[in-house]
Amino acid sequence: MTTTAELENLAERIRNRVFEHVLKNNGGYLSQALSAAEIFAALYGSVLKLGPVEGPLVPGEFPGVPSNSNRAYNSGGRFNGAPGPDRDRFLFSPAHYALVLYAALIEAGRLDPSALDQFNADGSTMEMIGAEHSPGVETTTGSLAQALSQGAGIALARQMRGESGRTWVFMSDGEFQEGQTWEALQFASYYRLGGLRAVVDANGQQCDGAMDDVMNIEPVVERIRSFGCEAVSVDGHDTARLAAEMDRPSSQPVIVIARTDPAHTLPLLKERAPVLHYLRFTSAEERERYQAAYDERMAAI
């Protein structure tokens with residue numbers, strides 16, 4: 001059994017690996033790692049029941065779209081192990097979190113660290129915005145908010161087959177501004193899909209700024225419950241509580257709203273508020289300040 005200390009350590013390794021990559025590449029989706037590292041640590045370090053991989057695996061080049069004439073295609077889901085009736089499925093919804101997912105796969109021993117050298121390169125499957133061929137990404141989830149619908153359909157099929165494995169969806173809070181999310185909740189509740197689990201990085205941010213300044217979704221927990229699903233709000237940086245709530249037994253879909261801080265452990269980032277969605281250094285001096293913050297973090301390990 002993974003201890004709380006081990007999960008916390010895993011979260012920090014995920015966060016630091018993303019931070020290092022952002023420094024090397026003069027930018028990236030850093031706030032998503034700061035907010036969601038504990039969520040990915042709880043998923044890959046505790047609750048997901050995935051098949052083994054003969055890894056860590058090295059991703060290949062983009063093989064082209066799947067077709068009858070292209071049998072070389074490989075889904076990114078292979079990094080989560082072979083599927084089985086008692087194994088979990090993992091769907092990754094906000095594709096711009098791809099770098100965080102790759103870091104989690106590396107720290108979980110499923111993806112070779114050298115894969116980050118291919119990040120966002122032409123012909124690589126290590127896409128900045130993850131697609132169905134990217135490591136750990138089983139399905140393309142559209143422009144936004146389509147993975148919960150996909151997860152509900154998969155969970156229903158698995159329920160009809162009598163499979164015990166659960167279907168997990170990682171989401172962002174901005175997806176609750178989309179009508180398709182609420183249709184999926186209605187569907188999942190009606191069919192009593194207890195095998196469907198969603199965990200939401202509720203960091204209060206989106207590309208245009210703070211969620212509350214664009215479209216407030218609160219009280220989101222009460223609204224989810226009104227659709228007949230179970231919902232709980234937790235501290236998204238408490239790995240033990242996260243794992244416990246995600247793993248709770250239920251005959252209905254469970255939606256865990258993980259309340260997170262997009263500048264968690266890096267207060268320097270708050271200087272860019274309210275727009276924290278993507279970090280691109282504006283000067284050599286600013287980059288040096290972030291480098292100093294990173295060096296301080298690593299010296300404390």
Side-chain angles (χ1 to χ4, degrees), residues 1-2 36 39-53 75-94 101 104 108 110 132 136-142 145-173 175-176 178 180-202 220-221 223-234 236 239-258:
M1 180 178 294
T2 309
I39 297 173
F40 280 93
L43 285 166
Y44 278 93
S46 179
V47 298
L48 287 177
K49 297 177 177 61
L50 301 174
V53 296
S75 165
R78 68 190 180 95
F79 289 81
N80 288 326
D86 59 342
R87 291 175 178 168
D88 291 349
R89 300 272 292 275
F90 176 65
L91 302 186
F92 177 70
S93 191
L101 174 60
R110 292 176 172 271
E132 74 276 9
V137 184
E138 183 173 333
T139 64
T140 291
T141 53
Q146 296 181 8
L148 189 61
S149 296
Q150 295 172 357
I154 292 170
L156 176 60
R158 303 191 76 186
Q159 181 172 283
M160 294 172 69
R161 294 172 181 159
E163 297 185 3
S164 60
R166 292 176 291 188
T167 302
W168 297 80
V169 183
F170 170 72
M171 302 175 62
S172 65
D173 47 0
E175 298 181 58
F176 287 87
E178 298 283 342
Q180 185 166 341
T181 295
W182 299 99
E183 293 181 31
L185 290 172
Q186 181 176 241
F187 174 93
S189 170
Y190 178 80
Y191 286 101
R192 300 183 63 82
L193 301 180
L196 178 65
R197 303 294 164 107
V199 56
V200 183
D201 181 22
V220 68
V221 169
R223 288 174 174 176
I224 294 170
R225 289 173 179 167
S226 73
F227 275 70
C229 299
E230 284 195 29
V232 59
S233 177
V234 302
T239 54
R241 179 81 190 284
L242 269 172
E245 293 295 351
M246 283 191 274
D247 216 16
R248 61 158 58 190
S250 176
S251 59
Q252 284 288 73
V254 174
I255 315 297
V256 177
I257 304 297

Exercise. Could you walk me through whether Leu156 and Tyr190 pass side chain to side chain contact (heavy atoms under 4.5 Å, CB included), step by step?
Key: CA-CA 11 Å; Leu156 176 60; Tyr190 178 80; over 6 Å; no
Please check this pair: side chain of [X] against backbone of [Y], looking for a donor-acceptor N/O pair closer than 3.5 Å.
{"X": "Thr2", "Y": "Ser46", "answer": "no"}
{"X": "Thr141", "Y": "Ala147", "answer": "no"}
{"X": "Glu175", "Y": "Ser172", "answer": "yes"}

To check you understand the geometry: which heavy-atom pair defines the closest contact between [X] and [Y], and what is its length?
{"X": "Arg166", "Y": "Asp247", "answer": "NH2-OD1, 2.5 Å"}
{"X": "Leu148", "Y": "Ala198", "answer": "CD1-CB, 4.2 Å"}
{"X": "Ala231", "Y": "Ile224", "answer": "CB-CG2, 3.7 Å"}
{"X": "Gly236", "Y": "Ala258", "answer": "CA-CB, 3.8 Å"}
{"X": "Cys229", "Y": "Ile255", "answer": "CB-CG1, 4.4 Å"}
{"X": "Asp88", "Y": "Leu50", "answer": "O-CD2, 3.6 Å"}

Spatial distance of atom [atom1] ([X]) from atom [atom2] ([Y]) [nearest 0.5 Å]:
{"X": "Glu230", "Y": "Ser251", "atom1": "CD", "atom2": "OG", "result": "7.0 Å"}
{"X": "Asn80", "Y": "Lys49", "atom1": "CG", "atom2": "NZ", "result": "14.5 Å"}
{"X": "Glu132", "Y": "Ser75", "atom1": "CD", "atom2": "OG", "result": "7.5 Å"}
{"X": "Asp201", "Y": "Phe170", "atom1": "CG", "atom2": "CZ", "result": "5.0 Å"}

Is the closest side-chain heavy-atom distance between [X] and [Y] below 4.5 Å?
{"X": "Leu91", "Y": "Ile154", "result": "yes"}
{"X": "Val47", "Y": "Trp168", "result": "yes"}
{"X": "Asp173", "Y": "Val220", "result": "no"}
{"X": "Phe79", "Y": "Val53", "result": "no"}
{"X": "Gln252", "Y": "Arg192", "result": "yes"}

Exercise. Mind checking ring pair (Phe, Tyr, Trp, His ring centres under 6.0 Å) for Tyr44 and listing every partner two or more places apart, or none if nothing turns up?
Key: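 Tyr44 satisfies ring pair (Phe, Tyr, Trp, His ring centres under 6.0 Å) with Phe90 once adjacent residues are dropped.
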Exercise. Take Arg197 and Leu43, measure what side chain to side chain contact (heavy atoms under 4.5 Å, CB included) needs, and give me the verdict at the end.
Key: CA-CA 11 Å; Arg197 303 294 164 107; Leu43 285 166; over 6 Å; no
Quiz item: Which side-chain hydrogen bond (donor to acceptor under 3.5 Å, both in side chains) pairs, counting each pair once, include a residue from residues 149-159, with sequence neighbours left out?
Solution: Thr139-Gln150, Ser149-Gln180, Arg158-Glu163
Self-check item: Side chains of Thr167 and Arg89, donor plus acceptor under 3.5 Å
Solution: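 Per modelled atom types, Thr167 and Arg89 side chains form no pair under 3.5 Å.
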